[in-house]
Amino acid sequence: MSQAAVKAPSVPDANRWKALVFIALAQLMVVLDATIVNIALPSAQQDLGISDGNRQWVVTAYALAFGGLLLFGGRIADLWGRKRAFVVGLAGFAVASALGGAATNEAMMFGARALQGVFGALLAPAALSLLAVMFTDGKERAKAFGIYGAIAGAGGAVGLILGGFLTEYLDWRWTFFVNIPFAVVAAAGAWFVIREPEGARNRNPLDIPGVLLSTLGLVALVYGFTRAESEGWGESVTVGMFVASVVLLAAFVVTEAKVKAPLLPLRVITDRNRGGIYLSLGLAIIGMFGLFLFLTYYLQIVQGYSPVKTGFAFLPMIVGMITGSTQIGTRLMTRVAPRLLMGPGFLVAAVGMLMLTQLEVDSSYTALLLPAMLLLGLGMGTAFMPAMSLATMGVKPQDSGVASAMVNTSQQVGGAIGTALLNTIAASATTTYVADHIGGAGTPAQQQLVQLEAMVEGYTTAIWAAVGILVAAALIAFTFVNAGKPGTGPVASSEDGAEEELPVPVVAH
């Protein structure tokens, strides 16, 4: 690209803030869907006659398609154009949601969930990369990613509230149908408002071997962790999946180093800052996924909360995430180095998690859960926002789709690992506790109390592991992420196609 392009960057799109509304709406829909279906699962299972053994496929079918196809979806967004990929992803997600809501048997439900995952894998990286290419000014980028980060973090908890309402007062089918108006409004708005910058497409031919190896490798990895949770870590198919994933992903890396137009240019992940972000985000999600699961069970089974009350119990976490992302992260992102937001953010979240290791059968919501969730949300919101921005900063515009897909991939794989690993730790601790204490329980009431105490023992043991994982995420952020304080000027393309931030002095206020 010419020197003139560096000296005179293009004028930002006048509609970029309107576009942000529709991008954020689409992101909310995708994140909501991850938790809203979990609330509806017991009712859907009963209505459709899904066996206990097959129940997991309502979640697994989506996770495999979404996690396996994210890199491919990101590359398609770079090839087609992010606006087109975004609108097609929304339309497909809406159709798949309608099929899920209208499902009459388990096969139709599993197919609809897989189809949601396919279009989600196209939609999610397109949304994040649109932000990356539309918001190039430092201060504006901070605000835009603050809003996006808050939605990405808090959407899961909002899903618990909405899922509880829809399941309790309407019907489980509405947890699918509710996606349709979200998708229609976001797609229509995006079509008329979004103007993608010129010259940002990657028109190289598709790297078919890379697509096949990455998709199969990621599917094997996610399915391995999913199967480990239900069948055990030493089970032959589980071990086979892990071995296959290692072989396939190693072959993918070798292929990407050799082909002329790789699906995932290795420069995207070998950059020290981006590599550190992908790793620390993945670890943080491992801790967070386990927490959502354990707290949902704790509140409903141990404390006896209804689905709606459980959803509202997560409100402090939502408030914390929105505050951390839009008030702390956004205000400080242009003033301090990203690691000074990410590292402390993960540590604050670890303190909140540490408080939850003190859970007991009769713990007070106000005295323990509320402040713990507030700290968790505050820490995660503060850390996620600069991480998402930095992960897509400094890449070629033509690579922004796959760079964005890697953010989603690290989160998706982290979620699969977190659910399997922490569930295994919790189940093992619960079994041990029951074996050690059930002998002293002579009456049915005492036996029921031991069972509840055993569940809480399992949760707190797993939460201790989550504390350690969050501390590890903080250490990685402090040591790997060494980018300096970003300026407030625009990001422009340099001659070799990489991006650089124009040095505009930051004035202290």
Inset, instruction - Side-chain contact test, heavy atoms from C-beta onward, threshold under 4.5 Å: evaluate it for Leu359 versus Leu295 and give yes or no. - result: yes
Inset, instruction - Would you check if Val351 and Val348 make a side-chain contact, meaning some heavy-atom pair closer than 4.5 Å? - result: no
Inset, instruction - Taking the side chain as every heavy atom from C-beta outward, state whether Leu70 and Pro125 have any pair of such atoms under 4.5 Å apart. - result: yes
Inset, instruction - Compute the centroid of each ring, for Phe225 and then for Phe242, and state whether the two points are separated by less than 6.0 Å. - result: yes
Inset, instruction - Give a yes or no answer on whether the side chain of Arg82 reaches the backbone of Ala77 with a donor-acceptor pair at less than 3.5 Å. - result: no
Inset, instruction - Decide yes or no for Leu390 and Arg274: does some side-chain heavy atom of the first lie under 4.5 Å from some side-chain heavy atom of the second? - result: no
Legend entry - Residues which pass side chain to side chain donor-acceptor pair (under 3.5 Å) with Gln303, listed by chain and number, not counting sequence neighbours: Tyr298
Legend entry - Spatial distance of atom CD1 (Ile277) from atom CG (Asp271) [nearest 0.5 Å]: 8.5 Å
Inset, instruction - Apply side-chain contact (heavy atoms from CB on, under 4.5 Å) to the pair Leu263 and Phe252, showing each step before the final yes or no. - result: CA-CA 9 Å; Leu263 171 70; Phe252 171 66; 4.0 Å; yes
Inset, instruction - Mind checking the CG-CZ spacing from Asn482 to Phe480? Nearest 0.5 Å is all I need. - result: 10.5 Å
Inset, instruction - Taking the side chain as every heavy atom from C-beta outward, state whether Met373 and Tyr365 have any pair of such atoms under 4.5 Å apart. - result: yes
Legend entry - Minimum heavy-atom distance Leu341-Thr382, with the two atoms named: O-CG2, 3.8 Å
Inset, instruction - With rounding to the nearest 0.5 Å, note down the distance linking CD in Gln358 to CD in Glu360. - result: 8.0 Å
Legend entry - Least distance between heavy atoms, Thr255 atom then Gly210 atom: CG2-N, 4.5 Å
Inset, instruction - Evaluate the criterion side-chain contact (heavy atoms from CB on, under 4.5 Å) for residue pair Val302 and Leu299; output intermediate values, then yes/no. - result: CA-CA 6 Å; Val302 180; Leu299 291 169; over 6 Å; no
Legend entry - Minimum side-chain heavy-atom gap Leu249-Leu213 below 4.5 Å: no
Legend entry - Heavy-atom pair with the smallest gap, counting every atom of Ile322 and Thr326: O-OG1, 2.6 Å
Inset, instruction - Begin with the C-alpha distance, continue with both residues' side-chain angles, and end with the deciding distance and a verdict on side-chain contact (heavy atoms from CB on, under 4.5 Å) for Asn273 and Tyr278. - result: CA-CA 9 Å; Asn273 288 292; Tyr278 297 147; over 6 Å; no
Legend entry - Validation row: Met355, Pro371 side chains within 4.5 angstrom (heavy atoms): yes
Inset, instruction - Locate the shortest heavy-atom distance separating Arg339 from Ala477; write the atom from each residue and the value. - result: CB-O, 3.4 Å
Inset, instruction - Quick one: pull up CE in Met380 and OG in Ser325 and give me the separation to the nearest 0.5 Å. - result: 13.0 Å
Legend entry - Note, Leu264 side chain near Met406 side chain (heavy atom, < 4.5 Å): yes
Legend entry - Reported CH2-to-CD1 distance for the pair Trp464 and Ile469, which is rounded to 0.5 angstrom: 13.5 Å
Legend entry - Met342 and Ser280: CA distance, side-chain angles, deciding distance, side-chain contact (heavy atoms from CB on, under 4.5 Å) verdict: CA-CA 9 Å; Met342 290 176 63; Ser280 61; 3.5 Å; yes
Inset, instruction - Name all pairs fulfilling the side chain to side chain donor-acceptor pair (under 3.5 Å) condition that reach into residues 421-430, sequence neighbours left out, sorted by first residue then second. - result: Glu229-Asn423, Trp233-Thr424
Legend entry - Closest non-hydrogen atom pair, Phe346 against Leu470: CB-O, 3.8 Å
Inset, instruction - Kindly indicate whether a cation-pi arrangement holds for Lys309 with Tyr305, taking the cut-offs as under 6.0 Å to the six-membered ring centre and within 45° of the axis. - result: yes
Inset, instruction - State yes or no: are the ring centers of Tyr459 and Phe294 separated by less than 6.0 Å? - result: yes
Legend entry - Under 3.5 Å: donor-acceptor pair, side chain of Asp207, backbone of Pro262: no
Legend entry - Considering all heavy atoms, the nearest Ala284-Phe384 contact: CB-CE1, 4.3 Å
Legend entry - Reported CG-to-CG distance for the pair Leu347 and Leu375, which is rounded to 0.5 angstrom: 12.0 Å
